[in-house]
Amino acid sequence: MINILDTGVKRSKNVDNFIFGEGSLGELESLLLEQKKARNDYVIYFVDEYFINSEILNSLPVSHMDQLIYVETKHEPTTQYIDKIRDEIMQSLATFYNPAAVVGMGGGITMDVAKAISNLLTNGGKAKDYQGWDLVKKPGIYKIGIPTISGTGAEATRTCVMTNKENGLKLGMNSDKTVFNEVILDPTLSKTVPRDQYFYTGMDAYIHCVEALNGSYRNAIGDTYSKMSIDLCKEVFFDKDMMSDTNREKLMIASYLGGCAIATTYVGVVHPFSAGLSVVLDTHHCISNCIVLNVLGEFYPEQHIEFKEMLEKQNITLPKGLCANLTKDEYDSLYEATIIHEKPLYNALGKEFREILNKEKVIEIFKSI
Ligand code: NAD
Ligand code: ZN
């Protein structure tokens, strides 16, 4: 029997507005016109580098005053990368004053970069100054999120994940100010996602909600979002064509609901191990989650079986032997980078989490990856 604790989340912040449906990207221009009040008002677009040569770029209402910045996705964002982009924007002659709006179009990386820059432009300082909870004091620039791949829920959450390479801290700007003002959910945009990536990122929604529902910190609204999101993920990943028009639409909704769910509660055992992998071996968030859930049957027995069935149904393979032959220092770092995530581990395992996941056990799990 689960002991249901209070999450401590007293007031929950959702995005102000969202538009959903095929072709809804076409609404972007009128949304931006609402924000552009003076003749010199301009917009900064952050666009996933995948779209550099894409037709979709032509449908963005970019004017000669606006700035278009392509976001690198080879590595997940660091605080240093965010500061560098901000400095480049500040040095550009066009920007004696802040933009009227910031648009982030892409996956979790691009949306997180847009959120972070929006906050930095009005609050000053460096990205690392805001890693934590409720440290952002002023509202950011009005921001619009446009996901082009579904699963992380970054379009709905109050955080933007980044790693400070100086101290290895992977933590976002958790703040109501980080939430998008407007989100455009247009399922046509995820048509071009490679199959493997579509599966890995989609699974982030499933995993967020599985961890939330199996935790001790719960709340009724978060539970409802989680259940709906899991049902949609199962419909998508047990179907023969997970990327059909209908399934891309469903996964976009699952991602959004998963983001709303996680904003009211915590993750569990998968995310801390996944963060360990990302920090030490630089593997990306969503594939790391899949690699980890694949060996965590002990903690999530039912969902572990379900996950394997979905992998098989979609014919997706995961890398093997990633942590088989690492150095002692690397195993030590993996342990440290995992056990540091106290809140989710406590949520999943209770106050004895350090005994259940002692160093030997954590390293044994990593070795099985
Ligand atoms: P991503 O941004 O890592 O992109 C994954 C890959 O898909 C990239 O190569 C990208 O170029 C490509 N891509 C994106 N859209 C495409 C399209 N339509 N067609 C073809 N290729 C496309 O994607 P992700 O998995 O959504 O995001 C992971 C990031 O999200 C991590 O940095 C993680 O930390 C972060 N995250 C944030 C939150 C949050 O609440 N802010 C939650 C979970 C994860
Ligand atoms: Zn996640």
Side-chain angles (χ1 to χ4, degrees), residues 13 15 25 46-57 70-79 81-82 104-116 118-119 131 143 145-163 170-175 178-180 183 186-212 229 243 248 251-252 255-256 258-264 266-275 277-279 282-290 292-293 341 344:
K13 169 97 176 94
V15 297
L25 182 62
F46 293 96
V47 175
D48 189 312
E49 61 183 356
Y50 166 79
F51 293 100
I52 288 180
N53 295 314
S54 153
E55 288 271 304
I56 285 169
L57 265 194
Y70 293 108
V71 176
E72 293 167 18
T73 58
K74 189 159 183 258
H75 301 288
E76 295 189 340
T78 60
T79 54
Y81 176 67
I82 303 285
M105 185 176 100
I109 291 179
T110 306
M111 288 189 284
D112 281 357
V113 168
K115 287 166 146 187
S118 154
N119 282 344
Q131 282 184 292
K143 45 189 168 290
I146 311 175
T148 62
I149 178 170
S150 307
T152 64
E155 62 276 18
T157 61
R158 64 196 290 277
T159 193
C160 49
V161 184
M162 25 183 216
T163 303
K170 186 175 183 186
L171 188 61
M173 299 178 181
N174 293 277
S175 161
T178 308
V179 181
F180 280 116
V183 168
D186 184 344
T188 31
L189 296 174
S190 61
K191 246 183 195 158
T192 49
V193 177
R195 279 190 95 251
D196 284 10
Q197 186 65 55
Y198 180 88
F199 183 89
Y200 303 145
T201 298
M203 271 301 145
D204 201 25
Y206 175 83
I207 293 172
H208 285 156
C209 298
V210 161
E211 290 180 285
S229 180
M243 292 188 71
R248 279 186 291 96
L251 197 59
M252 202 159 252
S255 174
Y256 182 78
C260 295
I262 214 64
T264 68
Y266 302 103
V267 284
V269 188
V270 180
H271 273 74
F273 276 86
S274 165
L277 278 185
S278 294
V279 169
D282 209 19
T283 52
H284 281 217
H285 179 78
C286 298
I287 189 170
S288 303
N289 284 344
C290 290
V292 168
L293 180 55
H341 295 277

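Counting starts at 1 for both ligands and their atoms, following the listed order. Side chains included, hydrogens not; waters and symmetry mates left out as well; all remaining heavy atoms used. This is a predicted model, so every value here is computed, not measured.
Take K191 and apply the salt bridge (Lys or Arg N to Asp or Glu O under 4.0 Å) test, not counting sequence neighbours, and it matches no residue.
Here the angle centred on the Zn ion (ligand 2), running from OD2 of D204 over to NE2 of H271, is 150°, rounded to 10°. Rounded to 10 degrees, the NE2-metal-NE2 angle spanning H285 and H208 at the Zn ion (ligand 2) equals 160°.
Closest heavy-atom approach to atom 6 (C) of ligand 1 within the set H284, M203, Q197: this belongs to Q197. Here the shortest heavy-atom distance to atom 4 (O) of ligand 1, taken over T110, V113, D48, belongs to D48.
Atom 32 (O) of ligand 1 has E76 CD, 3.3 Å as its closest protein atom, hydrogens excluded (heavy atom only). Nearest protein heavy-atom neighbour of atom 3 (O) of ligand 1: I109 CD1, 3.3 Å. Remark: minimum distance from atom 9 (O) of ligand 1 to any protein heavy atom is reached at T73 OG1, 3.4 Å. In terms of protein heavy-atom proximity, atom 37 (C) of ligand 1 is closest to D112 OD2, 3.1 Å.
Remark: ligand 1 and T192 share an N or O pair separated by less than 3.5 Å (distance only, no angle test). The N/O atoms of K170, backbone and side chain alike, include none that comes under 3.5 Å of an N/O atom in ligand 1. The shortest N or O to N or O distance between T157 and ligand 1 is under 3.5 Å. Of the polar atoms of G108, at least one N or O is found under 3.5 Å from an N or O of ligand 1, judged by distance alone. Close N/O approach between C286 and ligand 1 is not found [any backbone or side-chain N/O within under 3.5 Å]. Residue G106 places no N or O, backbone or side chain, under 3.5 Å from any N or O of ligand 1.
Looking at E76 and D282, their side chains never come closer than 4.5 Å, going by heavy atoms from C-beta outward.
Taking every non-hydrogen atom of D204 and a distance limit under 4.0 Å, the qualifying atoms of ligand 1 come out as 43 (C), 44 (C). The contact set between ligand 1 and T159, taken as ligand atoms under 4.0 Å from a residue heavy atom, comprises 39 (C), 40 (O), 41 (N). Near V193, meaning under 4.0 Å from any of its heavy atoms, are these atoms of ligand 1: 16 (C), 17 (C), 18 (N), 19 (N), 20 (C).
Scanning all heavy atoms of the two residues, the minimum distance from C260 to A156 falls at N-CB, 4.0 Å.
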